[in-house]
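Please read the structure below before turning to the comments.
Note that ligands are numbered from 1 as they come in the structure, with each ligand's atoms numbered from 1 the same way. All residue numbers refer to positions in the sequence shown, counting from 1. Keep in mind that this is a model prediction, so the values were computed, not measured. All values below come from the heavy atoms of this structure, side chains included, with hydrogens, waters and symmetry mates left out.
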Amino acid sequence: MRIGIIGAGQLGQMLALAGFPLALGFRFLDSSPDAPGARVAPIVTGAFDDLASLRALAAEVDLVTYEFENVPVSALQEMAATRPCFPPVEALRVSQDRVLEKELFGRLGIPTPPFRTVDSRVELEAAVAAIGLPCVLKTRRLGYDGRGQRVLRRRADVAAAWEALGAAPLILEGFVAFDREVSIVGARSTTGETRAYPIVTNTHRAGILRVTVAPTRDARLQRAAEDHLRRVMDHFGYVGVLTLEFFVERGRLVANEMAPRVHNSGHWSIEGAVTSQFENHLRAILGLPLGDTSPVGHSAMVNFIGTMPERGRVLAIPGVHLHDYGKAPRPGRKLGHGTVVARTAAERDAVLRRLLRLIPR
Ligand SMILES: Nc1ncnc2c1ncn2[C@@H]1O[C@H](COP(=O)(O)OP(=O)(O)O)[C@@H](O)[C@H]1O
Ligand SMILES: [Mg+2]
C-alpha cells in the first residue's frame, strides 16, 4: 500500500515516519525537491495545480491525502476522480475561506466572534462601526502563521490596514479578549469510528504557535470541544484528522478556525499520547481501527521558529525529544520542535522552563 501526500513539509514527513511501522510506502508532491519529506520518501516535483504532476503522483499511489490547506480545490478534485482522496474536498474548500468556515460554524451552532465580509473601503468602515474596536482584519484566503492579519485598535489604524490588505477579499472579526487558546484534534475513519485527543492549551506569539501544553484537564470544555468537533465531522462525512482552534472567552469556547489535517498543536502526541495524530490520520484514511488517544503523561511542545537551538543543549535536558525538520533558517519559519513528556504537570513545567531558556524570548 502506497500513500500519496500533497505537500512534503514537516507534517508530510511526520506522516510518513508514522506509516513505516505499518509497512506503508509514500510519495510526495511538492514544488521543492529538497522539502523536509525528501529525506524519507521520493518527491514528485511540481506545482500543486499542475495536472501532469498530480497525475504522476496518482499513478504511483493507491490513496491520496494532503498536509496543508492551500492545495487548490481543483487539484484535489482531479485526484479524487482517480484515487480515493481524504480528507474530503469539501472540507478543504470550506477551510480555505475564513468566511465560509465561520458561516458553517454558525449553521452548526458553534459560537464564533462577530464577523463581517469586507470587499471595499466603505464596507470596512461600516464593519468597524458595526463590530467596534478593537477588531481584526484578515484576508479570507491563504493566511497562515498570523500572515495577512492586522489588529485595529484605533480609528487611525483603519487606513493602514486597508492599505496593507485591501487588495484581497477580507473578513473583519471582533477581537476576542481571550483567557487562553485551546485546540482539539480528532480523527474519523472511513468506517465512521471517531476519537478525540484531550484539548490542549496553545500560546502564540506574533500569530505563530509557540508552545502547546497537553493535556488541559477541563471536563466541561472537553465535552464542548468534542461536541463541536463531532458536528463538523458529521457535516462533511469527514475522514482523517481534523483540528479546531478555539478562544476561551469567559470560560466558554469561541471557534477561531479549522484545519482539515494533522496540526502543529498535535505534535505532542508523537511521544505524549498512546497513538500519535499522524498514525491516527493514516489509520483513519485506511479504514483501520483508530488508536488510543489518551495521554501517557504531561506534555509540552515548543516550536523552534526562525533559529534552531543548539542540538546538544536541547538533548542535554532529560526527557526532551528533538525534532529538527532540516530546513534553512528564515525569520518566522518553523524549523523544528521539542517535546517534553513528564509524569506530573509540575515536572513537565520545570523541564519546559529549561527548554524555553534555549529559544529567543
Ligand atoms: N479575532 C481574534 N481575536 C483575538 N486574537 C486573534 C483573533 N484572530 C486571531 N487572533 C490571534 O492570532 C492567531 C492566529 O490567527 P488565526 O486566525 O488562527 O490565523 P492563522 O491561520 O494564521 O493561524 C490566533 O491564534 C490568535 O492568537
Ligand atoms: Mg490559527
Looking only at N, O or S atoms, which one in E245 sits nearest to the Mg ion (ligand 2)? OE1
Considering just N/O/S atoms, say which atom of E257 is closest to the Mg ion (ligand 2).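 Closest to the Mg ion (ligand 2) among those atoms: OE2.
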Winner among E181, E257, K138 once heavy atoms are compared against atom 9 (C) of ligand 1: K138
For atom 4 (C) of ligand 1, which candidate among L209, V176, N264 provides the closest heavy atom? V176
Between R2 (side chain) and R27 (backbone), is there a donor-acceptor pair under 3.5 Å? no
For the pair D179 (side chain) and G251 (backbone), establish whether a donor and an acceptor sit closer than 3.5 Å, ignoring hydrogens and angles. yes
for atom 22 (O) of ligand 1, nearest protein heavy atom and its distance come out as G146 N, 2.6 Å
Heavy-atom nearest neighbour in the protein, as seen from atom 13 (C) of ligand 1, with distance rounded to 0.1 Å: G207 CA, 4.1 Å
Interfacing atoms of ligand 1 (cut-off 4.0 Å, heavy-atom, [X]):
X    : answer
G143 : 21 (O)
F178 : 4 (C), 5 (N)
E245 : 18 (O)
Q149 : 9 (C), 12 (O), 14 (C), 15 (O), 16 (P), 17 (O), 19 (O), 22 (O)

Do [X] and [Y] touch side chain to side chain, with heavy atoms closer than 4.5 Å?
X    : Y    : result
I171 : V118 : no
R283 : T275 : yes
T243 : S265 : yes

Using distance alone, decide if ligand 1 has a nitrogen or oxygen within less than 3.5 Å of any nitrogen or oxygen in F247. no
Are [X] and [Y] ion-paired here, with the side-chain N under 4.0 Å from a carboxylate O?
X    : Y    : result
R93  : E69  : no
E123 : R121 : no
D227 : R231 : yes
E67  : R261 : no

I'd like to know whether ligand 1 has G174 as a neighbour, heavy-atom separation below 4.0 Å.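 Heavy atoms of G174 do come under 4.0 Å of ligand 1.
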Under a 4.0 Å heavy-atom limit, does Y144 contact ligand 1 with its side chain, its backbone, both, or neither?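 Looking at Y144 and ligand 1, just backbone atoms fall under 4.0 Å.
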Classify the contact between D145 and ligand 1 as side chain, backbone, both or neither, using a heavy-atom distance cut-off of under 4.0 Å. backbone
Any protein heavy atom lying closer than 4.0 Å to atom 26 (C) of ligand 1? yes
Using 30° and 60° as the class limits, which term best fits the ring planes of H267 and F278: parallel, tilted or perpendicular?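 Ring orientation, 0 to 90° scale: tilted.
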